[in-house]
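Here is the naming used below: chain letters follow the sequence lines, and residue numbers restart at 1 for every chain.
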Amino acid sequence: MSTLDQGLDAPERRMYWAVTDGWTVARRTLTHLVRQPANIAWQLGFPIVSVLLFGYVFGSAMSVPGGGDYREYLMPGMFGMTMAMGFMNTAYAVVLDTTKGVTDRFRSMPMAPSAPVTGRGLADIVSAGLDLLVLAVTALVIGWRSDGGFWATLAAFALLLWLRFALIWIGIWIGLMTPNEEAAGNLFAVAFPFAMISSVFVAPSQMPDWLGAIAAWNPVSSTVTAARELFGNPAALGDSWIEQNAMVMAVVWPLVLTLVFVPLAVRRFQRLSR
Amino acid sequence: MSASSHAILAQGLQKRYGEKHALDGFDLAVPQGTVYGLLGPNGAGKTTAVRILATLVRLDGGRAEVAGYDVTRDPRKVRRRIGFTGQFTAVDEILTGRQNLRMFGRLFHLSPARAAARADELLERFDLTEAADKGTKEYSGGMRRRLDLAASMILAPSVLFLDEPTTGLDPRGRNEVWTAVRSLVAGGTTVLLTTQYLDEADQLAERVAVIDHGNVIADDTPAALKRRIGGDQLEVVLDEAVDLPVAVQAVAKVAAGEPEVDEESRRVTAAVDQRVSALTDVARTLQDEGIGVEDIGLRRPTLDEVFLRLTGHRAEASAVGDQEHTEVSA
Ligand SMILES: Nc1ncnc2c1ncn2[C@@H]1O[C@H](COP(=O)(O)OP(=O)(O)O)[C@@H](O)[C@H]1O
Ligand SMILES: [Mg+2]
């Protein structure tokens, strides 16, 4: 037996390399952010423009059921929307790696097989954290405040990231099913309604009944509503069960999504070797 | 290491995609330290074969050993001993060349210091030191391919797979990559490279396996293969069709076989052994006879002709109508 293999396949070494390799892959994506800061600007451009558009242009015409300032209501929605649309970044990165052969190169190497996925997830969470930071600063500048206290505020951001975490698996799954870069551009057509038909901009109670029901059951709504409650912002709670239990559902929805989409994503990944 | 002295051993490989047999009883035995060419048109099964041997795709039947380990039972051990360069250049486009190699070095489980040192060595060796800190987006096709090669050489693998390493490159990029591949070979690495170009196999490979419909249909040295096909072709195109009989006579004197005549295009073609003397002899004879010559030259057999000869059928869907490429050394 050659020294090349010595001890490398032992379980404790495998664990070590799974973590180390995952971190190496994550660092690659984080280096992208450093080398292409303009990308962050693009990524944040949409929510920031939305804040200005909805907050200032339409904001005066918008009312929050149950009272409260619309801009206060809108900000947690913007945070949620940015998390919700984030799955496109994951999917796009996966499509690029798969079509350009980087995924194959990884698979031909003796690295931990889980690393491309864990690394992707870690990097996406870190970059989502950065997104939230930039958005929160923007929000503070235009006058948004959290009245919930330190721990509640932290919990709200944690719930937002928890949603983003669940969407990583959907992003990977979709990315592995998307044939090429051009097709990935069309993902916006999925992401847009997913983020919009929710309580991000208006309360479901203000929508036609059927649409309101869909919006209320959208996982994005539960997260956004829970964040509003934790921030102490106007939440415009409806009477439906799903809205009344937003806090629980903000934990449950992402868990369900994760449980469903991790196996789907793993299966897709394994199909690469068919 | 097992007792096998073969770096690559494939026996009866089967791979189906639905109804399609991508590989159908594919056999290959590559001795250690050789450069082996896998030659075939588009769709012949080259990529499938290489991907199975590089542990990327499961086989449906048969068995394969690479660097002494079974690809199905010991994929990790195989992966520690191979380098893989796929059909498309797989480097990170946003990172610099140096960052790419360091990342891959870490993923091959070198320490950070070792990975950095190895990156510098490889940049130097593949002549990329100057561009080391530029984003690879700014690289030329040839440079990117060389970085790709460097990335697959990080562990100094004993077996290297190169899938169409020069397809899509301009002649300069192709030459750069050829030089890089030759330098690997000097280091004793076993290389299996696929190509659609006979002259690429000729330039780089000691032996060539010709593959068609997922099967190896010939396995020989490039020189022997060319002999079987009839070697270089002498081709004369006349101004006037009436002069054809004289030209045929002149060509027949130097030809290895029967000259072929195409009246309509006023063309005489024949396989020749003595390339240069055949060309000058015929040119002189035609000049002495005062016959107008529109064109005269030597032509390498194209892959199409190799196929026609070996299989009796034309290579379907082949991307080879690439005259320029096969004529470079004529
Ligand atoms: N993933 C796949 N799904 C379906 N058919 C495939 C797949 N990969 C290869 N094939 C088919 O198998 C045959 C061999 O393909 P390939 O190995 O890519 O050939 P080459 O590399 O020589 O061009 C082709 O007919 C191709 O269409
Ligand atoms: Mg191919």
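- Under the 4.5 Å side-chain criterion, counting only non-hydrogen atoms from C-beta, B/His109 is in contact with A/Asp21.
- Among B/Asn100, B/Ile154, B/Thr96, B/Thr55, the residue with the largest count of heavy-atom pairs under 4.5 Å with chain A is B/Thr96.
- Contacts between A/Thr103 and chain B at a heavy-atom distance below 4.5 Å are absent for every atom of the residue.
- Between chain B and the options A/Arg107, A/Gln36, A/Lys100, the largest number of non-hydrogen pairs under 4.5 Å is found for A/Arg107.
- The minimum heavy-atom distance linking B/Arg51 with A/Leu272 is given by the pair NH2-O, 4.2 Å.
- Partners of A/Trp23 according to the ring pair (Phe, Tyr, Trp, His ring centres under 6.0 Å) rule, which considers only residues two or more places apart in sequence or in another chain, do not exist here.
- A/Ser273 is listed as a side-chain neighbour of B/Arg58, based on a closest heavy-atom distance under 4.5 Å.
- Taking OG1 of A/Thr31 as the start and CD of B/Gln99 as the end, the distance is 6.0 Å to the nearest 0.5 Å.
- Under the side chain to side chain donor-acceptor pair (under 3.5 Å) criterion, B/Tyr139 pairs with no residue at all, not counting sequence neighbours.
- At a 4.5 Å heavy-atom cutoff, the contact between A/Arg35 and chain B is made by side-chain atoms alone.
- Summarising the geometry of A/Asp104 relative to B/Leu56, their closest heavy-atom pair is O-CD2, 3.4 Å, with the distance given to 0.1 Å.
- Taken from CE in B/Met103 to CZ in A/Arg28, the straight-line distance is 5.0 Å, to the nearest 0.5 Å.
- For chain A, no part of B/Phe161 is nearby; none of its heavy atoms comes within less than 4.5 Å.
- Checked against side chain to side chain contact (heavy atoms under 4.5 Å, CB included), A/Leu53 has the following partners two or more places apart in sequence or in another chain: A/Val57, A/Phe58.
- Residues of residues 85-95 of chain B that come closer than 4.5 Å to chain A, counting heavy atoms only, are B/Thr85, B/Phe88, B/Thr89, B/Ala90, B/Val91, B/Asp92, B/Glu93, B/Ile94, B/Leu95, ordered by residue number.
- Neither the backbone nor the side chain of A/Leu96 comes within contact range of chain B, judged by heavy atoms closer than 4.5 Å.
- The candidate from A/Arg27, A/Met111, A/Arg274, A/His32 with the greatest count of non-hydrogen atom pairs under 4.5 Å with chain B is A/His32.
- Figure legend: cation-pi geometry between A/Arg105 and B/Phe84 absent, as NZ or CZ is not positioned both under 6.0 Å from the six-membered ring centre and within 45° of its axis.
- In this structure a side-chain-to-backbone donor-acceptor pair under 3.5 Å is missing from B/Arg76 to A/Ala112.
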